Amino acid sequence: MRVQSWAFWLTLATLAPGAVGQTAPVVNPRGVRNEFSVMPAPAAVSPGGLLRITGLNLGPAEEFRAAGPVLPLEIGDPPVQVLINNRPAPLVSASPSVIVCQVPLELQGGAAQVVVRRGESVSRGARIDIRRNVPAILSAAGTGHGMAATTGSGAAVRLRATGLGRTGTEIATGQPGPADPLALVADPVRLLIDGAPVDARITASPERAGEFDIEVEPAVLGRAGEVIQLIAGGVAANPLTTGSRSKSEVLFLATPPELSTIGGLTLSDLRSGYATLNAPRAESGCYATWLFDFKLNRVQAQDECLTLPNRQAAAAVNAIGNSPFLISWLGPLEADIANGISARFRILSPAKEAAVDVTLPFSAGQIAGLPDGRLMVTGPGGNAVRVEADSGAMTEVEPQAG
């Protein structure tokens, strides 16, 4: 009987709230995310980018936030560390349920394990994917979507971003960029607002480790509700807007008399008020088409035969996803999708007053958008070219078998 009572007491002690197992850090395996994009786990983040870790018993009871520009590698008593592939990560902030840290710049690309160490206890690992470029813009609400967060006023307004790649000046892990001179981003970065390229000065933040400042003129962000698109190293960031609109806006453009019957409508994916309307398909296979640009208050008739081999298609114009561009094949048709529709196509861009017509070195059948804003055009026999959507310039791609 005494043996049974002793065994029962041991069981209660093991399960008691103050037991050692209850104070070990616990990382939510689906709760490790990119701090700015907040995309679902497993998180994609670049060396130098910021990571948010959620769980239980992670940081000190009193919330910690780094007081200076240089981030510590451990905090508290017992000491708290974040280890990414066994390398200490600089800490931005920490509480019992959330830690924000910087991914060490020295880490290479690929899968990595994240653990939290608290004293002698270590959490189970959570996986992240480290990539060279994982651009992300900070949103005003910290949710990764909606309105972009901005700082500054007067002559310059700044967006805050991470994951834009290398800088011309070497920066140590856990430290901000230099203040004089500022460290300019080295990898190719494009900023588009409402589908149009925007000039911006992009530098490593001299105040916050792991961040970049994107400086633009205030007028660029003056119209609320327009889409901000950031592309770094051919990878697109989370799309945000230049503010929010509290009420609807009604714009009007008259349709031309020739467009008595509307056959189809195509809207740009990233440029509001940029669209084409066309008449039904004619016997020739052409679609009489007009471009409507509500922002510039203009209507343009298309002077070529815009066409598709599908006789049932309502419109010959297609929108390229995650871009402002509208495209269409130019007739006359040569064959079909498998053997090549045409050797010519048209790009409609809100950044260009006139259409950009491209003549290919072969008849092609498919056009797709690439993350860096270019177009991939493919034809039979593995023929392919990359096309700069803004200019129509082509770069040949090695033919692919099959």
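Residues: numbered from 1 along the sequence shown. Nothing here was measured: the structure is a model prediction, and the numbers come from that model.
For residues 210-315, the pairs satisfying disulfide bond (SG atoms under 2.5 Å apart) are C286-C305, with sequence neighbours left out. The list of salt bridge (Lys or Arg N to Asp or Glu O under 4.0 Å) pairs with a residue in residues 102-113, not counting sequence neighbours, is empty.
Atom OG1 of T276 sits about 12.0 Å away from atom CD of Q300, to the nearest 0.5 Å. Taken to the nearest 0.5 Å, the CG atom of D194 stands 11.0 Å off from the OG1 atom of T241. Between Q108 atom CD and I130 atom CD1 the span is 9.0 Å, to the nearest 0.5 Å. Rounding to the nearest 0.5 angstrom, the gap separating the OG atom in S95 from the CZ atom in F64 is 12.0 Å. Between the CG atom of L138 and the CZ atom of R158 there is a distance of 14.5 Å, given to the nearest 0.5 Å. Distance check, rounded to the nearest 0.5 Å: OG of S391 to NZ of K352 gives 7.0 Å.
Across all their heavy atoms, I231 and G373 have their closest contact at CD1-N, 4.3 Å. Taking all atoms of both residues into account, the shortest heavy-atom contact from L230 to A161 is CD2-CB, 4.1 Å. For the residue pair L259 and A279, the shortest heavy atom distance occurs at CD1-N, 3.6 Å. Across every non-hydrogen atom of I228 and A148, the tightest pair is CD1-CB, 3.8 Å. Counting all heavy atoms, side chain and backbone alike, S205 lies closest to P176 at O-CB, 3.3 Å. L164 and P135 get closest at one heavy-atom pair: CD2-CB, 3.7 Å.
Crowding of R298 atom CZ: a count of heavy atoms from other residues, nucleotides or ligands under 6.0 Å exceeding 12. Counting non-hydrogen atoms of other residues, nucleotides and ligands closer than 6.0 Å to CD of E353 gives a total of 12 or fewer. Within a 6.0 Å sphere centred on CE of M376, heavy atoms belonging to other residues, nucleotides or ligands number more than 12. The neighbour count for E63 CD, taken as heavy atoms of other residues, nucleotides or ligands under 6.0 Å away, is above 12.
With a 4.5 Å cut-off on side-chain heavy atoms, I202 and L184 do not count as touching. Using a 4.5 Å cut-off on side-chain heavy atoms (C-beta onward), V157 and T151 make no contact. Counting heavy atoms from C-beta on, the side chains of T359 and F345 never come closer than 4.5 Å. In this structure, R118 and N57 have side chains that are in contact, with non-hydrogen atoms separated by less than 4.5 Å. Side-chain contact between T162 and L50 is present, with at least one heavy-atom pair separated by less than 4.5 Å. A 4.5 Å side-chain heavy-atom check between V387 and V385 finds at least one atom pair inside the cut-off. Using a 4.5 Å heavy-atom cutoff, the side chains of L192 and V198 are not in contact. Within the 4.5 Å cutoff, side-chain heavy atoms of I84 are placed close to those of L51.
At distances below 3.5 Å, not a single donor-acceptor pair connects side-chain atoms of T203 with backbone N or O atoms of L182. Here the side chain of T167 pairs no donor or acceptor atom with the backbone of V185 at under 3.5 angstrom. Judged by distance alone, with hydrogens and angles left aside, the side-chain atoms of R281 form a donor-acceptor pair with the main-chain N or O of L308 at under 3.5 Å. A distance-only check finds a donor-acceptor pair linking the side chain of Y287 to the backbone of A313 [under 3.5 Å]. Checking side-chain atoms of D129 against main-chain N and O of A112 turns up no donor-acceptor pair under 3.5 Å. In this structure, the side chain of S139 engages the main chain of G144 through a donor-acceptor pair within 3.5 Å. Listed for the D293 side chain is a donor-acceptor partner under 3.5 Å among the backbone atoms of K295. With hydrogens and angles ignored, the 3.5 Å screen pairs a side-chain donor or acceptor of S342 with a backbone N or O of L330. With N34 contributing its side chain and V45 its backbone, the two residues share no donor-acceptor pair below 3.5 Å. Judged purely by atom type and a 3.5 angstrom limit, S37 has no side-chain atom pairing as donor or acceptor with the backbone of A136.
A donor-acceptor pair shorter than 3.5 Å can be found between the side chains of Q302 and R346. Using a 3.5 Å distance cut-off with no hydrogens or angles, the side chains of E226 and T242 do not pair a donor with an acceptor. Donor-acceptor pairing under 3.5 Å is lacking for the side chains of T378 and N383.
A salt bridge is absent between E74 and R117: the closest approach of a Lys/Arg side-chain nitrogen to an acidic carboxylate oxygen does not fall below 4.0 angstrom.
For D213, the salt bridge (charged side-chain N to carboxylate O under 4.0 Å, His left out) test picks out R208, with sequence neighbours left out.
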Inset, instruction - Any chance you could lay out the side chain to side chain contact (heavy atoms under 4.5 Å, CB included) test for N278 and W290, step after step, and finish with the verdict? - result: CA-CA 6 Å; N278 60 266; W290 286 260; 5.9 Å; no

Inset, instruction - Check the pair D390, R374 against salt bridge (Lys or Arg N to Asp or Glu O under 4.0 Å), reporting the backbone distance first and the verdict last. - result: CA-CA 8 Å; D390 289 327; R374 291 184 293 176; over 6 Å; no

Inset, instruction - Could you check R52 against T54 for side chain to side chain contact (heavy atoms under 4.5 Å, CB included), going step by step and ending with a plain yes or no? - result: CA-CA 7 Å; R52 173 175 288 260; T54 60; 4.3 Å; yes

Legend entry - side chain to side chain contact (heavy atoms under 4.5 Å, CB included) evaluation trace for I320 with D269: CA-CA 7 Å; I320 297 295; D269 190 30; over 6 Å; no

Legend entry - Worked check of salt bridge (Lys or Arg N to Asp or Glu O under 4.0 Å) between E35 and R33: CA-CA 6 Å; E35 169 70 348; R33 297 188 172 188; over 6 Å; no

Inset, instruction - Could you please spell out the steps behind the side chain to side chain contact (heavy atoms under 4.5 Å, CB included) verdict for L348 and F325? - result: CA-CA 6 Å; L348 298 173; F325 307 113; over 6 Å; no

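For the side-chain contact (heavy atoms from CB on, under 4.5 Å) test with I53, the passing option among C101, S123, S97 is C101; the others fail.
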